[in-house]
Engineer: 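If you scroll down you'll find the structure; I have some questions about it.
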Amino acid sequence: MKALRFLAAVGTALGALCGAVPVTAQEISVTALQGARLVDGRGGTPLEPATIIVRGEHIVAVGPTDSLPPPAVATVVDLRGKTVIPGLISNHAHVGQTNGTEQGAANYTRENVLRQLRQYEAYGVTTVTSLGVNDASVFYPLRAELRAGKLQGADLFGADHGVGTPTGAPPQAMLKAAPGQIDRPDTPEKARAFVGEQKARGTDLVKVWVDDFNHSLPGKMDPAIWRAVIDEAHKLGLRVAAHIYYLADAKALAEGGVDIIAHGVRDVPVDADFIKVMKDRGTWYIPTLELDEATFIYAQRPAWMSTPFFRNSVQPPLRAQLDSPAWRSKKQADPAVAIAKRNLSMNLKNLKALHDGGVRIGFGTDSGANPLRIPGFSEHRELALMVQAGISPMQAITIATRDAAALLKLDDRGVIAPGKLADIIVLDADPTQDITGTSRILAVWHRGRQVAGPVTSFKP
Ligand SMILES: [Zn+2]
């Protein structure tokens, strides 16, 4: 009954699209976004001027402004001179780990996770995948309410607790996770049982950590355990994303059937065998370039650190830290800085080789995993770094929208086209000419509603 009345609201104007029924109610909003340059997420030539007609949460029509007059019931939004792109989709982030300069389980609260998801959304990241270390009691209720459009903030997907090792990755000293926030099996049988529990809670993905954090941890996950995780997950219809650093581990995991390599390979150049197995198996690769940049860049004070776009993404305690000369000089002397610079350089080269080789590339930064990986802001740095790697701005946008949706097997978003969720960023610049144009956010639409205005007025 309700659905019928929704249809009725726009039935006359959009009769061809949703059935000719008389107009009897105005329960659902209809908006025409009119006149913008449309970058629809599919990588083709932008359409300009374009009109996008949004009804409720969804896009119902897209076309040249000349041939798509707005329905009589529509609110018309004039976007002449602007560019629109789909909302960005992160395939690798974490929620509830940090707040200001703090890290640890105390931050996994409903209020803090929502604060982060509203920041992602205001920065145009309308879908976020929290790839492990989730507190299930907070995560699942929030995920449901966000997907139902009942709360403001980015849509949430995730990998439940994730599966690590008893005394190794992911390092507890760094994460300060609560007991049970990460599953750490010591036998393949226990690994299978944990995957079963995650499935029962309704996880979107399964995560494994296969790394020794630059030899700082006592060994890596026993391959018998990650093989059991992959096998059990696949039996249950779930896909597995793996944290890696070394090429040897990434190659073994890809050959072993992992679905998603969740970080860039950073120890050595990728080789033809790895590119072939990734391509042949359709394995996804999320480079997370920004992860290493975040380790060193803030101590270098790049010009963009003085822009409102950056400063508005930084909570006051973190801003004070980043602005402190003492913190900067300590950071510049940190041996981790030189390693991170080498990692980024290798990661950039490897991304280019894998992209050129036809491997499926996803989008993510590992933002939210520690205080320096800033939600929402990081994703725009990632786009810039992808372009620095040699990927065109248009290809980078396509990876961060259409392809990132495909990685999550979501066919309801990622492109601006009829039938898709109306997740749209309005920009005051054309990012296909200069990728930094993605930072010129004038408005963000999520599920058919304008949820944020100019990011220059956002308060973290
Ligand atoms: Zn991560």
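Order of appearance sets the numbers: ligands from 1, and atoms from 1 within every ligand. We number each residue from 1, following the sequence as shown.
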Engineer: Is it true that some N/O/S atom of His243, main chain or side chain, lies under 2.8 Å from the Zn ion (ligand 1)?
Structural biologist: no
Engineer: For the rings on His263 and Tyr285, is their centre-to-centre separation under 6.0 Å?
Structural biologist: no
Engineer: Of all N/O/S atoms in Asp366, which lies nearest to the Zn ion (ligand 1)?
Structural biologist: OD1
Engineer: Any ion pair linking Glu145 and Lys150 (charged N to carboxylate O, less than 4.0 Å)?
Structural biologist: no
Engineer: Check this for me: does any side-chain nitrogen of one of Lys190 and Asp186 sit under 4.0 Å from a carboxylate oxygen of the other?
Structural biologist: yes
Engineer: Confirm or rule out an N/O/S atom of His94, from backbone or side chain, lying less than 2.8 Å from the Zn ion (ligand 1).
Structural biologist: yes
Engineer: Does the pair Arg373/Glu382 count as a salt bridge with the N-to-O cut at 4.0 Å?
Structural biologist: no
